[in-house]
Amino acid sequence: MTIKSFFSLFLPIVLPLLVSCKGGNALVSAGEGDTLHLTYADNLSLVRYPGYVKATVRNPWDTAAVLHTYLLVPDSIDLPASLPEGTVVRTPLRSALIYSSVHNSLVTELGAIDAISGVCDAQYIHQKSLADRIADGRVADCGVGTSPNIERIISLNPDGVMLSPYEDSGSYGKLGQLGIPIIECADYMETSPLARAEWMKFYGMLFGKEDEAARMFAATESEYNRLKQLVANVGDKPRVLMDRLYGQVWYVPAANSTMGIFIKDAGGRNPFDTYDRSGSVGLTGEQVLFTAGDADIWLIRYSQASDKTMRELAADNAIYPQFKAFKENKVYGCNTSRVFFYEDVPFHPHWLLRDMISIFHPELSAVRGEKNYFTHFEQ
């Protein structure tokens, strides 16, 4: 057999195998680029080409469409002669405006706090080192995220803006006319805890912290899956009720929502897993009582100056004392004005999983950690 005939015979077999190989950070041949396989994230793809990385964000509201394409080019080299269509972002970002506290917390943790030159919604930032910089003016407060201070942003002249997109968000008005790369952080639209956390690999690339982000995610993934396996075969799985009425609507987690997956992975049962989809489901209080009135444990997220009590909860609505978890004093609250739930959990889902397991399965004392998001309601 000649060399030419050998390759003509075996390459059609070998190449598909190479392309289909999977693994957390494995690089796989994809034409001229190398695809960085993401194990969990559905709305993000990363392909490394000579001189740049192409990051494609899928539109979470229309999964057949692309929301945005980014071309990450190191600022240490000239722009490649031929680039595909997309927004060019010179990396590492050295002066970034970051809208959300969750992304500010991650960038700070990755060791790139010096690259944060501006923020929005500063009142929600609890990370002390960053809050201190905002207070003394080293980091600019660019106002409210829904209507930022455009004049201040122009003066700041960041080399990138990180914000969370929403459906039909368009071109972002005046902000989109400034010529500054807008990085749409759609991680919150992923449905599983590890899928959202995996976006840290992309954010690490933006700030020259790719290796740090890869290590952080590997540790997060390993611990999350270890904890999940710890309760996979427990016999007694409590039914878990989440949150409470907001006005006339009670938003409960569907089966494939992030919180629905958290409940399942923590060895609990979601009374509303008959809703086989992602996201939440809006129900009346009576509908929730009918379906989950016998739930064993009740977890409530809320925000107020002082911690809520059972007496206060009973006074909030006459329907609450009718739940089994209330009657048996199995109600746990997370006061998000004091506990940094929304900053921590997106990129450290194992912290919340450990806390939930300690509540659902107190006999497993080994899982208790220093992060306690939910605490028992006092009378």
Side-chain angles (χ1 to χ4, degrees), residues 21-28 35-46 48 53 55 91-92 98 100-116 126-130 162 185-188 190-232 258-259 261-267 334 339-361 364-374:
C21 291
K22 294 186 177 180
N25 291 317
L27 290 176
V28 179
T35 298
L36 176 64
H37 268 296
L38 300 176
T39 307
Y40 306 94
D42 292 322
N43 296 323
L44 175 68
S45 67
L46 300 168
R48 195 186 308 277
V53 172
T91 59
I98 304 179
S100 76
S101 60
V102 62
H103 297 108
N104 275 305
S105 294
L106 174 67
V107 172
T108 298
E109 189 172 359
L110 288 174
I113 189 172
D114 289 340
I116 303 174
H126 302 110
Q127 210 280 336
K128 187 178 186 308
S129 58
L130 182 56
M162 294 176 64
C185 304
D187 54 271
Y188 79 99
E190 296 285 353
T191 57
S192 79
L194 286 176
R196 183 176 189 182
E198 195 167 27
W199 277 63
M200 72 172 70
K201 296 177 181 178
F202 171 45
Y203 301 139
M205 289 179 172
L206 290 173
F207 290 91
K209 301 293 182 180
E210 182 176 350
D211 291 344
E212 291 87 342
R215 285 194 296 269
M216 185 185 299
F217 180 74
T220 296
E221 177 189 29
S222 175
E223 181 62 5
Y224 188 99
N225 286 329
R226 184 190 73 82
L227 291 166
K228 176 181 172 181
Q229 188 59 37
L230 192 64
V231 295
T258 300
M259 188 53 68
I261 292 171
F262 265 121
I263 292 171
K264 178 182 177 182
D265 288 352
C334 176
V339 178
F340 308 147
F341 181 95
Y342 295 109
E343 291 93 333
D344 287 351
V345 171
F347 296 109
H348 298 286
H350 57 301
W351 291 352
L352 176 59
L353 186 68
R354 182 186 295 117
D355 189 44
M356 292 175 71
I357 291 174
S358 71
I359 294 172
F360 299 174
H361 302 284
L364 300 176
S365 58
V367 303
R368 293 194 179 94
E370 60 184 35
K371 292 285 185 178
N372 298 311
Y373 295 102
F374 289 93

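Positions are given from 1 along the sequence.
Considering every non-hydrogen atom in both Met356 and Ala266, the closest pair reads CB-CB, 3.8 Å. Across all their heavy atoms, Thr220 and Pro349 have their closest contact at CG2-CD, 3.6 Å. Counting all heavy atoms, side chain and backbone alike, Leu38 lies closest to Leu46 at CD2-CD1, 4.3 Å.
With sequence neighbours excluded, no residue forms a ring-ring contact (aromatic ring centres under 6.0 Å, His included) with Phe374. Scored by the salt bridge (charged side-chain N to carboxylate O under 4.0 Å, His left out) test, Asp42 finds no partners at all (sequence neighbours excluded). With sequence neighbours excluded, no residue forms a ring-ring contact (aromatic ring centres under 6.0 Å, His included) with Phe262. Under the side chain to side chain contact (heavy atoms under 4.5 Å, CB included) criterion, Val231 pairs with Val234, Ile357, His361, Leu364, not counting sequence neighbours. Taking the side-chain hydrogen bond (donor to acceptor under 3.5 Å, both in side chains) definition, one finds that Tyr342 meets it with nothing, sequence neighbours left out. Applying the side-chain hydrogen bond (donor to acceptor under 3.5 Å, both in side chains) test to Glu223 and every residue at least two apart in sequence or in another chain returns Arg226, Arg354. Here Ala186 pairs with Val57, Pro60, Leu67, Pro165, Trp199 under the side chain to side chain contact (heavy atoms under 4.5 Å, CB included) rule; sequence neighbours left out. Residues satisfying the side-chain hydrogen bond (donor to acceptor under 3.5 Å, both in side chains) test with Asp265, not counting sequence neighbours, are Tyr224. Considering only residues two or more places apart in sequence or on other chains, His348 meets the ring-ring contact (aromatic ring centres under 6.0 Å, His included) condition with His350, Trp351. Under the rule for a side-chain hydrogen bond (donor to acceptor under 3.5 Å, both in side chains), the partners of Ser100 that lie at least two apart in sequence or sit in another chain are His103.
In terms of modelled atom types and a separation under 3.5 Å, the side chain of Thr258 and the main chain of Thr191 share a donor-acceptor contact. Put simply, the side chain of Gln127 gets close to the backbone of Ser129: a donor and an acceptor are under 3.5 Å apart. Remark: the backbone N or O of Ala218 is not paired with any side-chain donor or acceptor of Ser222 at under 3.5 angstrom. The backbone N or O of Asp355 sits less than 3.5 Å from a side-chain atom of Ser358, completing a donor-acceptor pair.
Leu194 has its side chain within reach of Asn225: a pair of non-hydrogen atoms, C-beta onward, lies under 4.5 Å apart. The shortest distance between side-chain heavy atoms of Arg196 and Val102 falls below 4.5 Å. Considering only heavy atoms from C-beta on, Ile261 comes within 4.5 Å of Pro193 through its side chain. Contact of the Glu109 side chain with the Phe347 side chain is not registered, since no non-hydrogen atoms from C-beta on lie closer than 4.5 Å.
Summarising the geometry, atom CG belonging to Asn372 is positioned 11.0 Å from atom CG belonging to Leu352; distances are rounded to the nearest 0.5 Å. Rounding to the nearest 0.5 Å places CD1 of Ile98 at 7.5 Å from OG1 of Thr108. Between atom CD of residue Glu198 and atom OG of residue Ser192 there is a gap of 8.5 Å, rounded to the nearest 0.5 Å. In this structure, CG in Leu106 is found 11.5 Å from OG in Ser101, a value given to the nearest 0.5 Å.
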Side-chain donor-acceptor distances from residues 202-217 under 3.5 Å, at least two apart:
{"from": "Tyr203", "atom 1": "OH", "to": "Asp187", "atom 2": "OD1", "distance (Å)": "2.5"}
{"from": "Glu210", "atom 1": "OE2", "to": "Arg48", "atom 2": "NH2", "distance (Å)": "2.7"}

